[in-house]
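Proteins get letters first, then strands, A, B, ... in listed order; numbering begins at 1 in each.
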Amino acid sequence: MSAAQDEEERARVVEILAPVAVDSTYSYLAPAAMRLSPGDSVTAPLGRREAYGVVWSIDGDSGPGGNLKTVSARLDRPPLAQKLRSFIDWLARYTLTPRGMALRLATRAAEDAGPETPRMLYRATGDVPERLTPTRARVLKAAEGGVAFTKKALAEAAACSLGVIDALVDEGALEGIAGPPQPIAPPLDPLFAAPALEPAQQDAADALKASLSPRAFKPFLLEGVTGSGKTEVYFEAIAQALEAGGQALVMMPEIALTTQFLERFADRFGEKPAEWHSGVGARKRARIWRGCATGDVRVVVGARSALFLPFSDLRLIVVDEEHEGAYKQDDGVSYHARDMAVVRARMEEATIVLASATPSIETRVNAMRGRYGYLRLDSRARARLMPTLEAIDMRKEGPPRGRWIAPRLALAVGETIARGEQALLFLNRRGYAPLTVCRTCGHRFRCENCDAWLVEHRFRRALMCHHCGHIERRPHACPECGAEDSLAACGPGVERLAEEAATLFPDARMLVLSSDFPGGADRLRRELDEIAKGAFDIVIGTQLVAKGHNFPFLTLVGVIDADLGLGSGDPRAAERTFQLLNQVTGRAGRGDKPGHALIQTFHPAHPVIAALLSGDAEKFYEQEIAIRERAGLPPFGRLAALIVSAKDAAMAETHARALARTAHELPPSPRYRVAAPGAWPEQDEIALLGPAEAPIALIRGRYRFRLLAKGPRSADMQAFLCDMLAAGPKERGGVRVQIDVDPQNFS
DNA sequence: AGCACGCCGACT
DNA sequence: GTCGGCGTGCTC
């Protein structure tokens, strides 16, 4: 046997990472002839099955030594680039996730992405089936002329189901032929319709374009009020990335909002970008995945998971609405997609743009401190006016008892609809009333699972828990004292508000929008279109109405309870309220019609409300940053978070309860105190937040750590916590701990 | 994540 | 007597 043959036949040891919940790679033998390189996809025996895996390195030295299994096959997939593999390793370390699970985020679409199967086209053979029904005749008529159609096109042309086509194929009247490969993504033209920008937009666009030419990691905050034209600005950056031959990724917090965006994109670049979210089918995802790796797909618009696509030359990432909480993933691998996008941009040496009208505090601090480039669009584009904001002091001019719309707001609504314009009444509370009490004995209806108040939904005649989804029937008599007709609804929800508005404006066309809107997403979309056409005079809604949609007839926004949410004990309460109210009031006024917002509040002097009213975001951020600085909250101090991962809500609840016991059973120590349940902790206190933050309990102190436990092992956890608080972070069987790592500090 | 093993409750 | 629930543990 020659040396060359020997070399060919010798097996090499390769380290393979499988997309399963394992942190380490496994060693396998691979024939040298297989010529595996890092990044290649393979199948290999794992346990009792054949598993997908990715070659992580060659000639590794870990593993049990000897007795290695052999790689079964090398798969026809573009290799995972080193940059993506490093990102996966980094993310796994940062999120304390097994690397296999992090890999899975990137390869789920690829696992079932076999070689491209050509799209089948069908044409008539000339044979006539034995039973020629009218439907069949229509199909054959549509298919005549020898041209081949897709199954779907034929079915549409003949107005029949796909089954009819199948039957005709079976009987030989139609034949299937392999069609030409479909282009994965139509080419985009960076010069298709370059718009004329306002000077401020042009400056921002120029800054982004300049950052894209020498390839380097550059983060930006693009801050601009609603309507200031942020999208047009980053479109120019995308155009630049395209011209440079690279790729761009645009991340969106919610897929529901992308329809309008895709159209705007097509208006600018001639074609739509590739779309990536859970609603896209497996086949299409597989093609986009491959297209990203080959470079055929140039721009992807997607949800969180798009961050893990195997781009071959990623030059630009845009995170739109960067402050949105939807970027946080809490089940499975938990990560903040905005932060991870910054890390990926760093690894890809790409430009990243975080865009928002109301940036998160941490992003704004990063921009103010010069870590991020800071691009601001201070006014609305094309002379659209900012809405005027006014407070209605509910202590002085509130409505009578049992009513929620103040006289001045009612007057304004009346005038608005009389002019043929739209009014929006905003109340961030679903249902009819947030609390039901018995007037006889004072009994309050609480959820049996989570102790929260049950919200009355009069439309459904039910009491619902908004935390866990528990539903019960609304009884006639008090379950405590048995009194009949003694139950009273306390406080307003959107349903109750609608009832009041209907008595005030009996002739107005009215629509109530909340996330439990009956009829599903399709009906919701249709109703939103109707609103945009002016089919309603008054819209009553929860935060659903705050986002994304254009309401051209809307000129008045009434905020029913601006204080709602400010007293929740959530450390982000002020920030979230400011962002939400800013967005909602920003809906008012389109084109030449000025907008007005009336804000009902009991605390017009509250810093958040005052900053909102003055339109001075600067002031708000200064205040909030100062508060955080004093309290040592992020991004200045460190937040220690104890996070229990759980399969479902019930398990999370069990864990949270075990944690609550544990925290309250901790021995007294000068190092810490236990905070009141549900309250935000003082320095060195341990806190367990309520179900709103479940399954997360928070511990504040010197360390940020996450506890990943498999079951509610209270004793273990207690021992662990004691150790932790006494001695600092460490590893302990099944439970891993890590000192805080700031993703921006990554090195 | 899969997939098996293993130990307790209600059925053919 | 088995079927089957999901808790626990392992995968080169």
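In this structure, CZ of A:R104 is placed 10 Å from C1' of B:dG2, rounded to the nearest angstrom. Rounded to an integer number of Å, the gap from CG of A:L103 to P of C:dT11 is 20 Å. Atom C1' of nucleotide C:dT11 and atom CD of A:E50 are separated by 13 Å, given to the nearest angstrom. Counting to the nearest Å, the P atom of B:dA1 and the CZ atom of A:R99 are 18 Å from each other. The nearest whole Å value for the distance from the CG atom in A:L46 to the P atom in C:dC10 is 14 Å. Note: CG (A:L105) to P (B:dA1) measures 11 Å, nearest angstrom. The distance from atom CG of A:L17 to atom C1' of B:dA1 is 13 Å, rounded to the nearest whole Å.
Of the candidates B:dA1, C:dC12, B:dC3, C:dC12 carries the atom nearest the A:S27 side chain, counting heavy atoms from C-beta on.
A:V318 places a side-chain heavy atom less than 4.5 Å from the side chain of A:L316.
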Verdict with supporting geometry, A:M251 and A:L307, side-chain contact (heavy atoms from CB on, under 4.5 Å)
CA-CA 8 Å; A:M251 302 220 294; A:L307 186 57; 4.0 Å; yes

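Of the side-chain N and O atoms in A:Y26, none sit less than 4.0 angstrom from OP1 or OP2 of C:dT11.
Across all strands shown, A:P45 has heavy atoms under 4.0 Å from sugar-phosphate atoms exclusively, and none from any base. A:R48 comes within 4.0 angstrom of sugar-phosphate atoms only, judged by non-hydrogen atoms across all strands, and of no base.
Sorted by first and then second residue, the pairs that involve residues 291-319 of chain A and meet ring pair (Phe, Tyr, Trp, His ring centres under 6.0 Å), not counting sequence neighbours, are A:F87-A:F308, A:F308-A:Y335.
Residues meeting the side chain to side chain contact (heavy atoms under 4.5 Å, CB included) test with A:A30, sequence neighbours left out: A:V14, A:L36, A:V71.
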